[in-house]
Amino acid sequence: MNIIEVNGITKKFGKFTALDDIHFSVRKGEICGFIGPNGAGKSTTIRILLGMLKATKGTAKIFGMDVWKDAVEIHKRISYVPGDVNLWPNLTGGEVIDLFLKMRGNGNIKKRDELLKKFDLDPSKKCRTYSKGNRQKVALVAAFACDADLYILDEPTSGLDPLMEKVFQECILEAKKEGKSVFLSSHILSEVEKVCDQVVIIREGKIIETGSLEDMRHLTRNKITLQTKTPVPGLKDFPGVHSFAEENSRVTFQVDTEKLDEVIRHVSQFGILKLESVPPTLEDLFMRHYKTSKATDEGGAV
Amino acid sequence: MRKHLPGTGSILKLIFRQDRFKISVWLLCLILITISVAYAYPEVYKTEEDIMGFILTMQNPAMEAMLGPVYDANNPPVAAVFAHEMLLFTVIAAAIMNILLIGRSTRTDEEDGRLELLLSLPVGRLSHITAVMLEALILNALLAILTGAGLSAVQTNGITPESSFLYGSILGSAGFLFAAITALFAQLAKTSRGATGLSFTVLIISYIIRAIGDVSSEALSLISPLGWTVRTGVFIDNKWWPVILPLAIGIIITAVVFYLNQIRDLGGGFIPEMKGKTRASALLKTPLGFVFRMQRTNIIAWAIGMFLLSAAFGAILGDLEEYYADLDILQAFLAANPDYTLTEQFVAMLFVILSIISAIPVVMVVLKLKGEENKNRTEHIYSRAVSRTGMLASYMIMAIIVSIIMQTLTAVGLWATSYSILDQTLSLGKTLNAALVFLPAIWVLIALGIFLMGLFPKATSGIWLYFAFCFIVIYLGELLKFPDWLMNLSSFTHVPQLFVEEGDILSLTILTLLAILITIIGFIGYRKRDITG
């Protein structure tokens, strides 16, 4: 069952097309990473999902309900953490959290106090005195103290220290264990890699990749470090080999996943002394997509 | 000192670049209104009798409390009449301009983190505050010089180049004083709201002290900056000390500002913060309670201000009555409408002005929702189970409640103090009615605010232009001979002044229906539009 279903959403601001015919879905019990460079349309997508912006074209559904028309109904079952948390300077963190729980309904006071302790947040301070990280904690505590079926998180950890990031990851993994779904927009790729089952990559308002990390790794290159008894002639121009570099007797290169077998067969004839293969990280995927599109824009070869 | 100031010029440019629209609109409005009124006056007061008549109307405690003391001269020129009616309110407008602009350039920039960004660049510790004070200096010098130059080009009897520049300089020097006061509070208070709020408090207190002083004791008036500004005798005596005094005090305050700025931390202040609650109260958790809590200080401050202002006017009604009783000739002159007493005529006029002033906090309450959106805070609300209609309705209801509170306090304040003074007391019921009858006109302003927020969110603050228009129609409409259709565009024109007019149920009903209609359109627009934060 799909919790989020986005079908051909286009959003224009005047003449500018912020989102161009995007499609994706998030299944129940899944953590979906939503990544892309700044200005790609991540926050616009999220605001459409929250019913704050109206899509120019297309439909988006959460729990099978229309995100624009049934916004209030949907919001009773979701929790949202914005990327840039702006709070009321004259209220304390504790007051804001209570207020949010009341507006959302289903707030759990016991869980609130637990989370306050976990995130190490002083609720008696006025919001104007909070740092960015502390403001984010306020939003996170309010979000996870509710019993939600879907968590929509827009770069929720950009101001947190590594310790708090870990607490956050525990929170979403726990939510996943309870069968909840998470839609996580993030810049911190290692985090996405650690927790997400699926990623959606957006660039310049278009979805350029969706699927599980496993699926995507097939499409990409492994990084190989190799040392052989005798040098491998012509490896540089071997089909599927990229970014070839040679240093003393050691060579490093990238190889297309589907050509890996051929390449290894070939080099093994020359007596392998050392072979390291590193699977592509999300960062590589991301960088590659980013650079690829850039190169295409400039008319270069891929 | 050298090492504290690099970058001042660039910051100054940045400030003017940021505020160029606001600065131009403020200066243009102040200068153009001043010049056009000076230009129109000879048309209104053609003969010496006209001028004497005007002076007689002004020479009573009520009007002196409102506008300052009348010139002590035989045969004053028409320019003096102009100064008497316009000077004090123009000074107040110039002070408001300074409070808003300087408040924004100081504490607001600091609160929003822009100052931090600036200070991380190779600029000196004192560069920013120096640039702000230079901004104040330039702004007020422009106001003084342009007003002076503009006035001296007007061929009105009594206007000389010296007096024109004196008139401009009064505006400029008082403006600079309030700029310095705002900069001072921007060092003391930790929030921009605190800084501008305290500055406005000083302005209001100055006005009240001057009002009481002008009626009862000259010495009292001399402790209020606004008391000085009405004592130049501009266009007759042309005394310059009321220009030099605020300038000097402004410079002293500026020195204190520099000192405080240097010894305090970025983001810090001198008025301490208290530890807050860890739990939200039951009131805060209700939609209306939330809307109220966000603007509590503002609403309470305005409520007290409105009550004091009307009570001050109530207190002088007795003097007004006594004064007229002594002067047969004046009674003959002012008895334009023999059916009503002078007190009644004065109170009727007073309620128009007080009502439009109490519309300010009301409009502020409803516009707050747009401010919340600008600050990306509505997303917290609309991402939860709260409907747009519900939220907007909460702001609207709060605005309506505030309008009723303000008008009631205005009536009660005026009635309570006048009751203890007047021989022929006003009836509380009638006074209340005379104030509450303006509610539909205020509601039209709420409705227009909602309409703009719903359909033209970027032009929301345009509601203040309509507000300024209503104010100009009331204050200057007759004088500048606005055509009827223009006068009718102001919702306040259609409200009967109950002390001198019959109740007009029809126009009140139409105003209310109009307000409802505009509100509904605004709600529909608000439900359909994109929320940007």
Side-chain angles (χ1 to χ4, degrees), chain A residues 11 13 43-44 46-54 68 71-106 109 112-113 116 122-129 132 138-139 142-143 146 152 154, chain B residues 107-108 110-113 189-194 267-269 272-287 289-291 293-298 368 371-391 394 527-533:
Chain A
K11 175 65 187 175
F13 293 111
S43 293
T44 306
I46 287 178
R47 287 201 170 147
I48 285 177
L49 288 178
L50 290 171
M52 291 174 63
L53 300 180
K54 188 171 186 176
W68 176 260
V72 174
E73 255 337 282
I74 292 172
H75 295 173
K76 287 179 185 163
R77 294 169 57 192
I78 68 170
S79 269
Y80 166 62
V81 177
D84 218 350
V85 182
N86 293 291
L87 300 171
W88 295 272
N90 52 335
L91 295 186
T92 63
E95 285 177 312
V96 169
I97 292 168
D98 281 3
L99 184 68
F100 284 173
L101 294 184
K102 178 76 204 320
M103 283 177 172
R104 161 70 172 59
N106 288 335
I109 297 301
R112 166 201 191 263
D113 294 337
L116 278 176
D122 178 358
S124 72
K125 280 194 173 158
K126 297 263 176 180
C127 290
R128 76 166 60 88
T129 63
K132 179 178 162 59
V138 169
C146 286
I152 297 181
D154 189 358
Chain B
R107 206 29 103 155
T108 310
E110 188 166 340
E111 196 172 70
D112 294 349
K190 268 189 180 170
T191 61
S192 60
R193 258 175 68 176
E273 294 279 318
M274 280 173 287
K275 202 170 169 75
K277 293 180 190 157
T278 56
R279 309 304 310 244
S281 64
L283 177 72
L284 177 60
K285 287 199 257 183
T286 63
F290 168 74
V291 174
R293 176 67 192 279
M294 286 304 125
Q295 312 187 66
R296 184 174 60 186
T297 325
N298 220 4
K368 177 80 173 168
E372 291 288 300
E373 185 178 344
N374 292 345
K375 292 198 166 148
N376 282 338
R377 293 197 293 240
T378 43
E379 68 177 341
H380 295 299
I381 294 167
Y382 293 138
S383 66
R384 295 187 163 78
V386 177
S387 71
R388 296 181 186 191
T389 312
M391 208 63 214
S394 301
R527 281 182 51 170
K528 285 189 173 168
R529 79 168 168 92
D530 286 349
I531 298 281
T532 56

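Numbers restart at 1 for each chain; the letters A, B, ... are given by sequence-line order, proteins then strands.
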Taking every non-hydrogen atom, the tightest pair across [X] and [Y]:
| X | Y | value |
| --- | --- | --- |
| B:Asn376 | A:Asn86 | CB-ND2, 3.2 Å |
| A:Thr92 | B:Gly276 | CG2-CA, 3.4 Å |
| B:Glu379 | A:Asp84 | OE2-O, 3.8 Å |
| B:Arg388 | A:Gly51 | NH2-O, 2.9 Å |
| A:Trp68 | B:Arg527 | CZ2-O, 3.3 Å |

(message) At a 4.5 Å cut-off on heavy atoms, which part of B:Thr297 comes close to chain A: side chain, backbone, both, or neither?
(response) neither
(request) Mind running side chain to side chain contact (heavy atoms under 4.5 Å, CB included) on A:Thr129 and B:Lys190 for me, showing each step along the way? (result) CA-CA 10 Å; A:Thr129 63; B:Lys190 268 189 180 170; 6.0 Å; no
(message) So for atom NZ, which belongs to B:Lys375, do other residues, nucleotides or ligands contribute more than 12 heavy atoms lying within a distance under 6.0 Å?
(response) no
(message) For A:Lys125, I'd like to know if atom NZ has over 12 heavy atoms of other residues, nucleotides or ligands within 6.0 Å.
(response) no
Partner chain B: residue of [options] with the largest heavy-atom pair count (under 4.5 Å):
| options | value |
| --- | --- |
| A:Val85, A:Asn90, A:Leu101 | A:Asn90 |
| A:Arg104, A:Met52, A:Lys102 | A:Met52 |
| A:Leu87, A:Asp122, A:Ile97, A:Ile78 | A:Leu87 |

(request) Would you give the length of the straight line joining atom CD of B:Glu372 to atom CH2 of A:Trp88, rounded to the nearest 0.5 angstrom? (result) 6.0 Å
(message) Tell me every residue that passes side-chain contact (heavy atoms from CB on, under 4.5 Å) with B:Ala280, counting only those two or more places apart in sequence or in another chain.
(response) A:Glu95, A:Asp98, B:Leu284, B:Lys285
(request) Go through the structure and list residues passing side-chain contact (heavy atoms from CB on, under 4.5 Å) with B:Ser192, not counting sequence neighbours. (result) B:Arg107, B:Thr108, B:Glu111
(message) Could you check whether any side-chain N or O of A:His75 sits under 3.5 Å from a backbone N or O of B:Tyr382, counting only pairs where one atom can act as donor and the other as acceptor?
(response) yes
(request) Using non-hydrogen atoms and a 4.5 Å limit, figure out which bit of A:Arg112 sits close to chain B: side chain, backbone, both or neither. (result) side chain
(request) Pick out which of A:Arg47, A:Lys54, A:Lys11 makes a salt bridge (charged side-chain N to carboxylate O under 4.0 Å, His left out) with B:Asp530. (result) A:Lys11
(message) Using a 4.5 angstrom heavy-atom cutoff, name the option from B:Lys528, B:Lys277, B:Arg529 with the most pairs to chain A.
(response) B:Lys277
